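Only a predicted model underlies this, so the values are computations on that prediction, with no experimental measurement involved.
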Amino acid sequence: MTDAQKPSRRSQAWFGAQGRSGMVYRSWMRNQGFGHEVFDGRPVIGIATSASELAPCNAHLTRVAEAVKRGVWQAGGLPLQFPTMATGETLMRPTAMLYRNLMAMEVEELIRANPLDGVVLLSGCDKTTPAMLMGAASVDLPAVMVTGGPMLNGKYRGQDVGSGTQVWKFEEDLKTGRMTEEECFFAEGCMARSNGHCMTMGTASTMACLAEALGMQLPGSAAWPAVDSRRMEVAQAAGQRIVGMVEEELRPSQILTREAFENAIRVNAAIGGSTNAVIHLTAIAGRVGVELNLRDFDGLVRAVPTLVNLMPSGKYLMEDFCYAGGLPAVMAELISGKLLHGGQITVTGRTIAENTENAERVDSDVITRLDAPFQPAGTGIAVLRGNLCPDGAVIKQSAASPHLLTHRGPARVFDSPEAYHEVADDPELDIDEYTVIVIRNAGPKGYPGMPEVANVPLPGKLLKAGVKDMVRICDGRMSGTGYGTVILHVAPEAAVGGPLALVHDGDPVVLDVPNRTLRLDVDDAELTRRRQTWRAPAERHTSGYSWLYTQHVEQADQGADFGFLRGSRGHEVPRDSH
């Protein structure tokens, strides 16, 4: 190919520039040992890595980046690795969700501001995956995601234990005397025994699978364990593929269509995925101008059974899911039942039907069939409406107790999760198994950041009495590894005057999941009187990022993104300052 025939790439506005500007860009890059030939117009591929020892799920991504680089070099591109922040739910306070939007802003601006023709996104923990997809979608340069993979199965006394899910169970065992402090300390080292993210079908595994379902991750790559050599193989393949995507000009806007999001919503139901997917998918869709609302997350899944038998809804873990056939086997089954848009394009340049046509289900106990599902159709996420949640609330039916899906009980209200924890183990606490625990001021604006606090542990005295579950209602979120009859994402939240702010102790709460309702059995006139005396909480943040967040965050039903970040801002080359 002659110089005249070579395509003009975005990166050439930097590296192909004439005079002083081009000299500055090329000469400084050469201090890293790059020869002049790498600036010949070949695709420049950014490798965005959220590797961080402060985000244990992402700590190994530096090694994954090396595999991606090999693939980029092999395909004739120039790989350039750069760091992003890491939003690890395991350590960050008050919650990693507070920083998802900040990470998305950072990813977007780093991609746009640098001489990149395409980008490979390396993520791990649950917020890093949607944040990177949000940022990349807003720039709309060719992009492919590589998630870091789940940990190996936890092992404790001859049994598989799941990260997150087992934490809640061990806590209950500790409170009821079935487990000692020493045993609990030993068990800590048995749950997280390799690099990787949660190996339950928590939010990290869910979002890895949904990145694949959306078409933004190579087929089968969501499930390979972090320490399996095939994790590095798919990373190398992603490096090769992104060069092809640049040459084909295949962009996120062509992949992230309405049909792709419908596929992801149905896949989430089939895998028993996290309720957090509702917020993240809605936010990603907002970046590409695809209209999603809560009705979609209810209506689209009613015909979809739960096919995957994984914790917290089932008994297996991601390692088992991988070896049983992984997500391609699930998607192939859904396509066979005409439950997915099989013609949707993916990062491979092929459709999901083509990507999964040779998928094989190896273990039908881990990945079940449509005609013999793990749980029947209609057991996925349900969206509730009523005078307690006029803009909606969600519940994960597959992780709830069937006998509590219709329930009437008196409210016991706590103005913060901390207020509940202060008295939860008080033997004199005025609460019984019929009580509905209400935790408020845990929403996007109120906490801020909408933490995973909704599945509070049951009161100690009830655990000791053998109570296994209670109805809990919150304007916050629940970990994808959690379980129980917990109503989440109540919108509008209490902090902005949502009806949850008006609930008093003793008010009758009526839950009817089959009919999709959640209401407070209190006279409208009384609620109007209460609203007249309600006062908004004082602003706690007057500067810094937390102030920016509380001023601009949208409600849970809208994805909890910043309103000013909706839509794509493109990849226009910034003005040259040299």
Side-chain angles (χ1 to χ4, degrees), residues 10 43 45-46 48 68 71 75 104 107-108 111-112 116-123 128-147 206-222 234-235 237-268 277 280-292 296 300 327-328 330-332 334-335 340-357 559 566-571:
R10 180 177 183 271
I45 305 299
V68 175
V107 169
E108 174 184 348
I111 295 172
R112 183 182 296 111
L116 304 177
D117 301 305
V119 63
V120 179
L121 310 166
L122 303 188
S123 70
T128 56
T129 298
M132 284 187 156
L133 288 173
M134 290 160 68
S138 292
V139 185
D140 202 30
L141 282 175
V144 61
M145 171 147 277
V146 179
T147 49
T206 296
M207 292 312 299
C209 288
L210 297 189
E212 186 175 327
L214 284 168
M216 291 296 294
Q217 182 158 214
L218 293 180
S221 60
V234 297
Q240 294 171 328
R241 178 57 196 148
I242 188 61
V243 175
M245 291 176 66
V246 170
E247 293 169 346
E248 298 160 17
E249 297 188 349
L250 179 57
R251 304 178 186 278
S253 57
Q254 298 164 266
I255 297 169
L256 296 173
T257 64
R258 168 74 190 192
E259 289 74 18
F261 285 100
E262 290 185 359
N263 284 345
I265 290 170
R266 287 184 168 134
V267 166
N268 190 55
H280 296 321
L281 287 176
T282 303
I284 298 165
R287 298 301 186 96
V288 290
V290 171
E291 190 65 35
L292 282 189
D296 296 317
L300 288 169
L327 196 68
V330 175
M331 295 183 73
L334 294 174
I335 290 171
L340 295 183
H341 301 287
Q344 182 58 34
I345 199 72
T346 73
V347 291
T348 65
R350 305 168 73 225
T351 66
I352 64 165
E354 292 170 330
N355 288 344
T356 61
E357 60 185 346
R566 282 183 170 269
S568 173
R569 281 157 291 284
H571 48 265

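Annotation: the span from Glu291 atom CD to Phe261 atom CZ amounts to 11.5 Å, rounded to 0.5 Å. Gln217 CD to Thr129 OG1: the interatomic distance, rounded to the nearest 0.5 Å, is 7.5 Å. Here the NE2-CE distance, from His280 to Met207, works out to 5.5 Å after rounding to the nearest 0.5 Å. In this structure, Ile284 CD1 and Leu256 CG are separated by 7.5 Å, a value rounded to the nearest 0.5 Å. Within the model, atoms CZ of Arg10 and NE2 of His571 stand 7.0 Å from one another, a figure rounded to the nearest 0.5 Å. Note that CD1 of Ile45 is 5.0 Å distant from CD1 of Ile242, once rounded to the nearest 0.5 Å.
Of the residues listed (Leu214, Asp296, Leu133, Val290), the one engaging Leu281 in a side chain to side chain contact (heavy atoms under 4.5 Å, CB included) is Leu214, and it is the only one.
Heavy atoms only, all atoms of each residue included: Gln240 and Gly71 are closest at CG-O, 3.3 Å. Here the shortest heavy-atom pairing between Ile255 and Ala260 reads O-CB, 3.2 Å. Taking both residues in full, the closest heavy atoms of Ala143 and Val347 are given as O-CG1, 3.7 Å, listed atom of the first, atom of the second, then distance. The shortest non-hydrogen separation linking Ile345 to Gln254 is CG2-O, 3.3 Å. Between Ser221 and Thr147, the shortest heavy-atom distance links the atoms O-OG1, 4.3 Å. Across every non-hydrogen atom of Met134 and Arg287, the tightest pair is O-NH1, 3.4 Å.
For the 3.5 Å distance criterion, the side chains of Ser568 and Asp140 fail to qualify, holding no donor opposite an acceptor.
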Review point. What's the verdict on side chain to side chain contact (heavy atoms under 4.5 Å, CB included) for Glu357 and Arg350, showing C-alpha distance, side-chain angles and the deciding distance?
Key: CA-CA 11 Å; Glu357 60 185 346; Arg350 305 168 73 225; 3.5 Å; yes
Practice item. For the pair Asp117 and Leu141, evaluate side chain to side chain contact (heavy atoms under 4.5 Å, CB included) and give the outcome as yes or no after the intermediate values. Key: CA-CA 7 Å; Asp117 301 305; Leu141 282 175; over 6 Å; no
Point to revise | Intermediate values then yes/no, side chain to side chain contact (heavy atoms under 4.5 Å, CB included), Ile265 and Leu292 | key: CA-CA 10 Å; Ile265 290 170; Leu292 282 189; 4.2 Å; yes
Practice item. Check step by step if side chain to side chain contact (heavy atoms under 4.5 Å, CB included) holds for Val267 and Leu334. Key: CA-CA 8 Å; Val267 166; Leu334 294 174; 4.0 Å; yes
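The closest donor-acceptor contact from the side chain of Arg112 to the backbone of Gly570 lies under 3.5 Å. In this structure, the side chain of Glu212 engages the main chain of Ala222 through a donor-acceptor pair within 3.5 Å. Formation of a donor-acceptor pair under 3.5 Å by the Arg241 side chain with backbone atoms of Leu218 is not found in this model. Between the side chain of Asn263 and the backbone N or O of Leu340, no donor-acceptor pair lies under 3.5 Å.
Between Met216 and Met132 the shortest side-chain heavy-atom distance does not fall below 4.5 Å.
At most 12 heavy atoms of other shown residues, nucleotides or ligands fall within 6.0 angstrom of atom CD in Glu249.
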